> 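Structure provided below as C-alpha cells; questions to follow.
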Amino acid sequence: MEREFDYNALMKGIPEFDFQGNAVPSDLVLIGSNAFPLSMNPRGQVLMAASRYGQGRIVVFGHEEYLTRFPVLVENALNWLMSSESKSTTVGIQKSLVSLAQNLSYCTLTTELGDFQNVGLAVYVADAYSVDSCAKELVTFLKSGGGLLIAGQAWSWAQTHPGENPLLCFPGNKVCSVAGIYFSELPAELGKFPVPMQIPSSWLAVSIGKDFKDDLQFLLKGFSEFDVRGGALASEVMAHGPLAFPTALTPCGRAFIAGAYYGQGRIIVTTQEAYLGRDSLSTFLINAINWLDDGRKGKIGIVPQLKDAHHILSKSGLNCQFTNFSEDLSVFVCTSYNDSQRHQIQEFVAEGGGLLIGGHAWYWAQTHPGQNVMTDSPGNRILNKMGLCIMGNTLQGGLYKVQQLMGDGGSGTQPYHFRDLLQRFASHVIEGHSLTKHDENHLQKLRNDCTSYLRMQAHNSSSYTSMVSLLTDMVKEAKIPQVCDTCPVKNTKDKLLHHVGSEVYRVCKDPDALLPYIISNIPHLPTVSNARVRISADTSDCEEWISTGLYLSPGMRTYIAVPQKKRQRLAGKYTTQYLQTGCQTDCLDEADVLKRAPVVHERFALDSDRVQVWSLWGGLLYLIAPPKSKVDGVEFVVQTAIKAPYYKSGQTSVADWVKEIRNAPAPWAELEFENVIITLHSDFIRKLDHPDKLAALWDSIMKGVADLASIPARFPCKEHFVADVQISCGFMHAGYPVMIHSTSAKELVNPEPACTQGGDIWGAIHELGHNQKCSVWEFPPHTTECTCNLWPVYVHEEVLGVNRAKAHPDMTPENRKTRAKNYVKEGRNLKNWRLWTALETYMQLQEKFGWDAFKKVFAAYHSISNAPNDRDGKMNLYAETFSKAVNMNLAAFFNAWGWPIQHNTEEALSSLPMWSDHPMAQYA
C-alpha cells in the first residue's frame, strides 16, 4: 500500500501524459523490491519511475525534456522527494538545468543552482549525463535520506559508446541503479497515455532487461562443459528478475548456476557450495571472479570454510584472502547458509561489489516444514532482491554442455529464461502469436516456475506485485476452459493456465473479481451461520483430520473463531493447529490429462482468535490435529458454511440421517465409522437407508485388518478413503487418505456383493494392506504389490466368508499352480518373484501353518530392533522369524523359492524339525 500512496502523491492532478514530439526517452528497466513505474506505454515500456534506497527517495524521467514539459509532475515529485525528517527545504538544481530553475521560481520551494554539494540540500535535480564525477556522493546523499530527481536517456549514449555496458557505464545508471532503476539502451515509443488510477502494469513488461550474450561469452570463455557429477546434491536456481540470467542449465532448462546485475554490482550463485572448489570448474570460476571484479583488480574475500575455492582461485594469481565480509572487498565469496549480514551484502553489491555465493536450499526446505523456502531460507533472504532464488527441489549432477546457453545462432532458439518465455506465452494467449516447438517443450518448466514465483508471496516487493498484476491480467484474457470428468484438459497450454490461475487467485489483490474467469456457474447453496463444531482428539505419531460436517463452495469466504485459551490448549507444545479445505490432497502436476484442477486443497494456520478461510476450489472443512496431541471438547465457531451429509457412528441416528442429514446440500459427503472414514460425492449416499449396517460391516472389516497386523482393534488414526474423479497414480493408492476413483465409490458403500461373490472391495482392502506394511519385512521391489494382498485374502475368508479362489480371479487353484510351475521352469530367479508369484510363497505358508502364524510373525517384528536394511539380510531374518514362530525349519522351503538363505541362518534353524514335504518339493 505504501507504493500506491507514493504513486497517488506523484500523480496527483495529472490526467494524462503527452509524450509526442522529438524527445525520445529511454525504456527504463526496473528491478528489486522498491522500484515502480509512473508511466508506461502500451508496449510495456517504462518512461518514468520512482523508488527508494536507504532513507532516501528517487524519481527518474526517461528524458531530460520532461523536467520542463510536465511542471505538475515535477512539483509533485519534489514534494514527495522532500524528506519529512530533513532540516532543509532547499532544492539543488544542476547548472545546466536553468530552465527548470526558472519554472520553479513561482513555487514556494527554495531553489539553489549549482554543482552538487552534500550539505544543506533536501533534494537535488540533475540530468543523467553529468553525474559521473559525483555519483558516489549522490548515492551517499540518497542513502542518508536525500531526494534525487534525475532525467535523461541512454540510447544515444550507447550508440556513441560501442562496446561499453550501459547498465554499468552510463553516468545516470551509476546513481539510480542502486535504487533498482536503469536507463536502458532501448528507445521507448511515444504517444499520449492516460494516467491510471493504480500503478501501471502490462503483460508486455514481463521481459528481460538485457541481452546477456556478452556476459555469457565472458563467463564461458575457454569453457565447454559443466562437470557437476558426483554425490554433491544441488538445488535448482530460478532467475526471476529482469537482469538475472541462467549460467548453467540442464537440457530441460533447470539452472544450477545463475548470474545477475544488481545496482552497480553483479552476482553469481551456484546451488552447491562444493562447486566453488571443483577443479573441473576452475576456468569458469576464475572467469566469474573477473566478471564480478569488473576490472578493479581488487581484493577477493573468501569465507574460511571455502578452502577449496581459495585454493583454486589463488592459483590464478587473484588477490585472495580468507576473511568474513568487509566493505573494502571487490568480490565476496561465501555460502548461502548465513544471512546475518544480508543488508550490508546487498548494499555492497548495489554500490558496485561482486558476490559469488554457493549453497543449496533443499535441506533447509526439508528441515523447515511449513516455511517458505523462497523467502525465508538464509540464501534467499540475500538473493531475492537481486532477482535470484534458490529453490527447495533437488537437481542431480551430470555433464552439461554450454552451447545451449548461447542459443543456436540461427533458428531463434533461446536458452530457457523464466521472464522471456512467460512474455512469449502471454503473447500467445492474449494476441494469438504462435509458440515454437522449443517453447512448447518448456511450458511444464514455466508452469512450475510461475508456481514457485507466486508462492514467494513477497507482497512488499514492487517487482512481485507487478508480476502478480500481470499474471492476473493474463488469466482474465485467457478464458480458461472449465475442467471436469466429461470435459478434460489435455493440452499443455490449458494445463498451465489452470495451474497459474489457481496460484494467482491465492495472491492477487481481488480474488473475488478473478473467480468467474477460472470457475463459471458456481451453484448457490443454502448456508448456515455460526455453526459450532466441538472436537476431541487423541493422536499418535501422525496428524489426524477431524471432520466438521461443513463445506465451502468455490471462492466462498468464512471466518473461524477459536477462543484464545482453547487455541493454546489445542496447539500445545507440538505444532500449530490447521484448518483444511478439501479432502483430495492428491497433486496432479504430472498428469497428462486433467479431469480436475491439479491442487484443490488448502491449509490455514489457526494461529489467531479469528482466521479468515477461503479457497478457490472450496471443499469439506477439516480441523487438522497435530501428532501427539490430546484435546477434549474444543469448540470452534464457523461463521458461514454449507452443511454436508455427515454420518458418525455413535452420534448420528439413522432416523436423522434418513430424514434430513443425507439430503444436506453440499456435493461431498462423509461417513465416519469406528476405524475408517469414507469421503465421496453426495450422489452416492442420497439413497443410503442403513448407514448403521454399513458401519457394522466396515467395523468388522477393520477389525480383521487389525487382527492380521497384530495391532490393537482400535486404530491410533482412523483410515480414510477419498473417492475422486482423478487421482495422482494407479487405480487406487495407499496413504492418508487412501485415494480411489469415483467409479469405485459405490463399492465402498455397497460392499454386500463382496460377501457373496468376492472381488468388489479387494482393491480397497489391498490399499489398507499397503498401509499396514513394515519395511523390516518388506523386500522391494519384489513384495511391493504382494504382501499387501495378504489382507484382502484374510478379510474375504475370515470376515466376509468368501473363499480366496472367489475373492480374486488370480487366486484360483489353476492360476496359482501355473505360476509356481512357471517360476521353477524359469530358474527360480528372484527377478521374477513379484506380485502374484511372490504371494504364492506366503499362501503356501498360510495353508500349512494358518493365519495365526502370520499374526505371531507380525507381532514378533513389533519388538525387533536393529534389523538389517539390505534385501538379503531382511529375507534371512524373515525366514528365521517365521521358522521360530511355527517351530519348524523352513530354510529348505525358502531355498526352493530362490531366497538367498545364508549359512548362518541354516545353522540358527538346524535344531528345529525340517519341513521337507513343502509344496515346492514336488519341483525339486
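Computed from a prediction, not measured in an experiment: that's the story for all the values here. Numbering starts at 1 and runs along the sequence shown. All heavy atoms count here, side chains included; hydrogens, waters and symmetry mates do not.
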> Restricting to non-hydrogen atoms, name the atom on C320 and the atom on H310 that form the minimum distance, rounded to 0.1 Å.
O-NE2, 3.7 Å

> Check whether more than 12 heavy atoms from other residues, nucleotides or ligands sit under 6.0 Å from atom NZ of K297, and answer yes or no.
no

> Less than 3.5 Å apart, any donor N or O on the side chain of H601 or D586 sitting next to an acceptor on the other?
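No - no donor-acceptor pair under 3.5 Å links their side chains.
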
> So, for L422 and M467, which heavy atoms are closest and what is the spacing to 0.1 Å?
CD2-SD, 3.7 Å

> What distance do L30 atom CG and C176 atom SG have between them, rounded to the nearest 0.5 Å?
10.0 Å

> What are the two closest heavy atoms between R254 and L395, and how far apart are they?
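Between these two residues, the closest heavy atoms are CB-CD1, 3.8 Å.
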
> Looking at every heavy atom in both P251 and H442, which two are closest together, and how far apart are they?
O-NE2, 4.2 Å

> Could you list the residues that satisfy side-chain hydrogen bond (donor to acceptor under 3.5 Å, both in side chains) with D279, not counting sequence neighbours?
none

> Where do V303 and V333 land on the side chain to side chain contact (heavy atoms under 4.5 Å, CB included) test, with the steps shown first?
CA-CA 6 Å; V303 292; V333 184; over 6 Å; no

> Under 3.5 Å, is there a donor-acceptor pair between the side chain of D439 and the main chain of L435?
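Not confirmed, D439 side chain does not pair with L435 backbone.
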
> Decide yes or no on side chain to side chain contact (heavy atoms under 4.5 Å, CB included) for Y464 and S33, but give the supporting numbers first.
CA-CA 7 Å; Y464 178 84; S33 58; over 6 Å; no

> Determine, step by step, whether H498 and V483 satisfy the side chain to side chain contact (heavy atoms under 4.5 Å, CB included) criterion, reporting the C-alpha distance in whole Å, the side-chain angles of both residues, the deciding distance to 0.1 Å, and the verdict.
CA-CA 9 Å; H498 265 282; V483 58; 3.5 Å; yes

> Any chance you could measure S775, atom OG, to N869, atom CG, to the nearest 0.5 Å?
7.5 Å

> Classify the side-chain pair R419/S207 by whether it contains a donor and acceptor separated by less than 3.5 Å.
no

> Give the intermediate values and the outcome of salt bridge (charged side-chain N to carboxylate O under 4.0 Å, His left out) for residues R506 and E602.
CA-CA 10 Å; R506 288 190 177 99; E602 191 97 27; 2.8 Å; yes

> What residue among K874, E778, R834, R871 forms side-chain hydrogen bond (donor to acceptor under 3.5 Å, both in side chains) with T783?
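The option that passes is E778.
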
> Mind checking what makes salt bridge (charged side-chain N to carboxylate O under 4.0 Å, His left out) contact with D215, not counting sequence neighbours?
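Result, salt bridge (charged side-chain N to carboxylate O under 4.0 Å, His left out) vs D215: K210.
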
> Please work out whether the ring planes of F425 and H428 are parallel, tilted or perpendicular, with thresholds of 30° and 60°.
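It falls in the tilted class, 30° to 60°.
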
> For residues D27 and Y182, is any side-chain donor paired with an opposing acceptor at under 3.5 Å?
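Per modelled atom types, D27 and Y182 side chains form no pair under 3.5 Å.
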
> So, do V228 and Q272 sit near enough that their side-chain heavy atoms are less than 4.5 Å apart?
no

> Just say parallel, tilted or perpendicular for the rings of F212 and F245, cut-offs at 30° and 60°.
parallel

> How about K174: does its NZ atom have over 12 heavy atoms from other parts shown lying under 6.0 Å from it?
yes

> Among F223, F226, F256, which residue satisfies the ring-ring contact (aromatic ring centres under 6.0 Å, His included) criterion with Y400?
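With Y400 as partner, F223, F226, F256 yield a single ring-ring contact (aromatic ring centres under 6.0 Å, His included), made by F256.
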
> Apply salt bridge (charged side-chain N to carboxylate O under 4.0 Å, His left out) to K299 and list each qualifying residue two or more places apart in sequence or on a separate chain.
D328

> In terms of ring plane angle, is the pair F418 and Y453 parallel, tilted or perpendicular, where the classes change at 30° and 60°?
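Taking Y453 first and then F418, their aromatic rings sit tilted (interplane angle of 30° to 60°).
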
> For the backbone of G277 and the side chain of D308, can you confirm whether one donor and one acceptor N or O come within less than 3.5 Å of each other?
no

> Are the side chain of R596 and the backbone of I727 linked by a donor-acceptor contact shorter than 3.5 Å?
no

> Would you check if the side chain of S728 reaches a backbone N or O of C587 as a donor-acceptor pair within less than 3.5 Å?
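No; zero donor-acceptor contacts below 3.5 Å.
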
> Does the plane of the ring in H360 sit parallel, tilted or perpendicular to the ring in W362? Use 30° and 60° as the thresholds.
parallel

> Within a 6.0 Å radius of atom CD on E327, are there more than 12 heavy atoms belonging to other residues, nucleotides or ligands?
no

> To the nearest 0.5 Å, tell me how far D339 CG sits from R381 CZ.
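Rounded to the nearest 0.5 Å, the CG-CZ separation comes out at 4.5 Å.
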
> Side chain to side chain contact (heavy atoms under 4.5 Å, CB included), that's the test. Do Y261 and S177 meet it? Break it down for me.
CA-CA 10 Å; Y261 286 83; S177 64; over 6 Å; no

> Any salt bridge between D420 and R424, counting N to O under 4.0 Å?
yes

> Under a 3.5 Å cutoff, is there a donor and acceptor pairing between the side chains of S201 and S469?
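Their side chains do contain a donor-acceptor pair, which is all the 3.5 Å distance test asks for.
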
> Can you confirm whether Y363 is buried at OH, in the sense that more than 12 heavy atoms of other residues, nucleotides or ligands lie under 6.0 Å from that atom?
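Counting neighbours around OH of Y363, 12 or fewer heavy atoms of other residues, nucleotides or ligands fall under 6.0 Å, so no.
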
> Contact between M374 and M238 at the side-chain level, heavy atoms closer than 4.5 Å - yes or no?
yes

> Does some side-chain heavy atom of V29 sit less than 4.5 Å from a side-chain heavy atom of L243?
yes

> With no hydrogens and no angle check, do the side chains of T335 and E273 hold a donor and an acceptor under 3.5 Å apart?
no

> Within a strict 4.5 Å, meaning less than it, do heavy atoms of the W291 and I268 side chains meet?
yes

> Distance alone, cut at 3.5 Å: any donor-acceptor contact between the side chains of Y416 and D449?
yes

> Which atoms form the tightest heavy-atom contact between L220 and V402, and what is the distance?
CD1-CB, 4.0 Å

> Side chains of S26 and E185, heavy atoms from C-beta outward: is any pair under 4.5 Å?
no

> Name all pairs fulfilling the side-chain hydrogen bond (donor to acceptor under 3.5 Å, both in side chains) condition that reach into residues 385-399, sequence neighbours left out, sorted by first residue then second.
E236-N393

> When you check the gap from the basic side-chain N to the acidic O, do D211 and K213 get nearer than 4.0 Å?
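The answer is no: the pair does not qualify as a salt bridge.
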
> So, using side-chain hydrogen bond (donor to acceptor under 3.5 Å, both in side chains) as the criterion, who are the partners of E351 when residues are at least two apart?
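Here the qualifying residues are Y53, K143.
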
> Flag the pair Q584 / Q726 as yes when at least one side-chain heavy-atom distance between them is below 4.5 Å, and no otherwise.
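Q584 vs Q726: side chains apart.
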
> Do N491 and D494 have side-chain N/O donor and acceptor atoms under 3.5 Å apart?
yes

> Grab the two heavy atoms, one from L454 and one from V500, that are nearest each other, plus how far apart they are.
CD1-O, 4.4 Å

> Mind checking what makes salt bridge (charged side-chain N to carboxylate O under 4.0 Å, His left out) contact with D294, not counting sequence neighbours?
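D294 satisfies salt bridge (charged side-chain N to carboxylate O under 4.0 Å, His left out) with R266 only.
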
> Within the structure provided, determine whether N290 and F218 are in side-chain contact (heavy-atom separation under 4.5 Å).
yes

> Are any non-hydrogen side-chain atoms of I345 and F332 less than 4.5 angstrom apart?
yes

> Is it the case that N34 and S51 place a side-chain donor and acceptor less than 3.5 Å from each other?
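On atom types as modelled, these side chains do not qualify, holding no pair under 3.5 Å.
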
> Between K493 (side chain) and E440 (backbone), is there a donor-acceptor pair under 3.5 Å?
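No, because the side chain of K493 does not come within donor-acceptor range (under 3.5 Å) of the backbone of E440.
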
